[in-house]
Amino acid sequence: MGKPVVTDEDGTRWITLDRPEILNALSVGDLEVITEAVTGIGPEISAIVLTGTGDRAFSAGMHVNTFADATPDSGRAIISSVRDCVGAIRLAPVPTVAMINGYCLGAAFEMALACDLRVAHPEVRFGLPEVKLGIPSVVDAALLHHYVGLSKAKEIILTAGLYSVTDLATYGLANRIVPPAQLREAVLDLLAPITACTREVIAAQKELFETWLNHGLQHGIDTSVDVFADLFNTPATLTAIAQYQMTRSRR
């Protein structure tokens, strides 16, 4: 047990946070391992799944000792590492899934928000406890209001409380809520139709999600026209169209 464990299985990279004795709390070194594991994928990897060891926590977020005796300069360095790690997850060219098996707090909640999809069991608890430490929730906590609306996001962040996945079910935060024993199966079932598509189109679609989040409507529409047209330069797109035509002709 220690730094995150990275394993590849059938085209999926599994990143497992591995300090169950402290609820898989994270260090800056852990963030560097995760960032490298996400950005270092090769063409053989078609999906990334993040999860935690044990049955108590996905992760409690950054270990509180990380912030002890921090200065403005070291605090900036710490949060920049969080930003870079979580940003790498959000911008990965392949689908990313958080398989949430327990408490999901702080920076780990931000990681889950940055993932494309989230699968959790009914006892999962989410929270952003940072204000209790006198520091704000930052970086990809900025995504929270897109999932739950601004009013609920403000409540979650300002109260620093814990919220069950069922409390947030009406907002669609989790794509699937299943019993703990079915988490892995649900993740693989959710990924199957996505990874059956070309890697090129998934990467392009994810880039468009970023454009839609960060720019106005007309810019997003115009950019999507360019992305659509450019994909016809890729052999994988032409092959996928031909295969789809063949499948349709057999019906």
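Under the 4.5 Å side-chain heavy-atom criterion for grouping Ile, Leu, Val, Met, Phe, Trp and Tyr, Ile156 is connected to Met111 within one hydrophobic cluster. With hydrophobic clusters built from ILVMFWY side chains whose heavy atoms lie under 4.5 angstrom apart, Leu143 shares a cluster with Leu50. One hydrophobic cluster, built from ILVMFWY side chains closer than 4.5 Å, holds both Leu31 and Ile78. In terms of hydrophobic clustering, with Ile, Leu, Val, Met, Phe, Trp and Tyr side chains grouped at heavy-atom distances under 4.5 Å, Val49 and Val6 are assigned to different clusters.
Using cut-offs of 30° and 60° for the angle between ring planes, the Trp212 and Phe209 rings count as perpendicular.
By the 4.5 Å heavy-atom criterion applied to side chains, Asp222 and His215 are not counted as neighbours. Using a 4.5 Å cut-off on side-chain heavy atoms (C-beta onward), Leu117 and Val119 make no contact. At least one side-chain heavy atom of Pro93 sits under 4.5 Å from a side-chain heavy atom of Ile41. In this structure, the side chains of Leu17 and Ile34 come closer than 4.5 Å at one or more pairs of heavy atoms. In this structure, Val165 and Glu123 have side chains that are not in contact, with every pair of non-hydrogen atoms separated by 4.5 Å or more. Between Gln205 and Leu208, some side-chain heavy-atom pair lies under the 4.5 Å cut-off. Looking only at side-chain heavy atoms (C-beta outward), Val124 and His121 come within less than 4.5 Å of each other. Side chains of Ile157 and His145 form no contact here, defined as non-hydrogen atoms less than 4.5 Å apart.
Checked by atom type and distance alone, the side chain of Thr223 never pairs as donor or acceptor with a backbone atom of Gly220 at under 3.5 Å. At least one donor-acceptor pair closer than 3.5 Å links the side chain of Thr96 to the backbone N or O of Asp116. With hydrogens and angles ignored, the 3.5 Å screen pairs no side-chain donor or acceptor of Lys206 with any backbone N or O of Pro95.
Here Cys104 contributes atom SG and Leu23 contributes atom CG; the two are 12.0 Å apart, rounded to the nearest 0.5 Å. Rounded to the nearest 0.5 Å, atoms OG (Ser46) and CD1 (Ile194) are 10.0 Å apart. For the atom pair OG1 of Thr53 and CZ of Phe58, the computed distance is 11.0 Å after rounding to the nearest 0.5 Å. Residue His63 holds its NE2 atom at 4.5 Å from CD1 of Ile22, rounded to the nearest 0.5 Å. To the nearest 0.5 Å, the span separating CG on Leu191 from CD1 on Ile48 amounts to 10.5 Å. Atom-to-atom distance recorded for Leu105:CG and Asn24:CG is 11.0 Å, nearest 0.5 angstrom.
For Ile15 against Ala37, the heavy-atom pair with the smallest separation is CD1-CB, 3.8 Å. Residues Ile100 and Ala112 approach most closely at CD1-CB, 4.0 Å, considering heavy atoms. The minimum heavy-atom distance linking Met62 with Ser27 is given by the pair CE-C, 3.8 Å. Cys115 and Ala98 get closest at one heavy-atom pair: SG-N, 3.7 Å.
Residue Asp226 qualifies as enclosed at atom CG: its count of foreign heavy atoms under 6.0 Å is above 12.
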Donor-acceptor contacts under 3.5 Å from residues 229-241 side chains, at least two apart:
unit_1: Thr234; atom_1: OG1; unit_2: Leu231; atom_2: O; d: 2.6
unit_1: Thr234; atom_1: OG1; unit_2: Thr237; atom_2: OG1; d: 2.7
unit_1: Thr237; atom_1: OG1; unit_2: Leu231; atom_2: O; d: 3.1
unit_1: Thr239; atom_1: OG1; unit_2: Pro235; atom_2: O; d: 3.0

Expected list for residues 80-88: side-chain donor-acceptor pairs under 3.5 angstrom, two or more places apart:
unit_1: Ser80; atom_1: OG; unit_2: Arg76; atom_2: O; d: 2.7
unit_1: Ser81; atom_1: OG; unit_2: Ala77; atom_2: O; d: 3.2

Without placing hydrogens or testing angles, list every side-chain donor-acceptor pair under 3.5 Å for residues 173-190, not counting sequence neighbours.
unit_1: Asn175; atom_1: OD1; unit_2: Arg118; atom_2: N; d: 2.8
unit_1: Arg184; atom_1: NH2; unit_2: Glu9; atom_2: OE1; d: 2.9
unit_1: Arg184; atom_1: NH2; unit_2: Glu9; atom_2: OE2; d: 2.8

Which pairs would a plain distance check flag for residues 128-139, meaning a side-chain donor or acceptor within less than 3.5 Å of a matching protein atom at least two apart in sequence or in another chain?
unit_1: Glu130; atom_1: OE1; unit_2: Ser137; atom_2: OG; d: 2.9

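Residues forming a side-chain hydrogen bond (donor to acceptor under 3.5 Å, both in side chains) with Glu200 (at least two apart in sequence, or on another chain): none. Applying the side-chain hydrogen bond (donor to acceptor under 3.5 Å, both in side chains) rule to Thr166 yields the partners Ser164; only residues at least two apart in sequence or on another chain are considered. Scored by the side-chain hydrogen bond (donor to acceptor under 3.5 Å, both in side chains) test, Thr159 finds Tyr163 as partners (sequence neighbours excluded). Under the ring pair (Phe, Tyr, Trp, His ring centres under 6.0 Å) criterion, Tyr171 pairs with no residue, sequence neighbours left out. For Glu155, the salt bridge (Lys or Arg N to Asp or Glu O under 4.0 Å) test picks out Lys152, with sequence neighbours left out. Residues satisfying the salt bridge (Lys or Arg N to Asp or Glu O under 4.0 Å) criterion with Asp55, sequence neighbours excluded, are absent altogether. Residues meeting the side-chain hydrogen bond (donor to acceptor under 3.5 Å, both in side chains) test with Arg56, sequence neighbours left out: none. By the salt bridge (Lys or Arg N to Asp or Glu O under 4.0 Å) test, Arg90 is found to be paired with Asp140, Glu210, residues two or more places apart in sequence or in another chain being considered.
A salt bridge does not link Lys3 to Asp30: none of the charged nitrogens lies less than 4.0 Å from a carboxylate oxygen.
Partner of Phe109 under the ring-ring contact (aromatic ring centres under 6.0 Å, His included) criterion, out of Tyr103, Phe126, Tyr147: Phe126 alone.
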Next item on the list: Determine, stepwise, if the pair Leu144 / Glu110 fulfils side-chain contact (heavy atoms from CB on, under 4.5 Å).
Entry: CA-CA 8 Å; Leu144 183 58; Glu110 293 166 23; over 6 Å; no
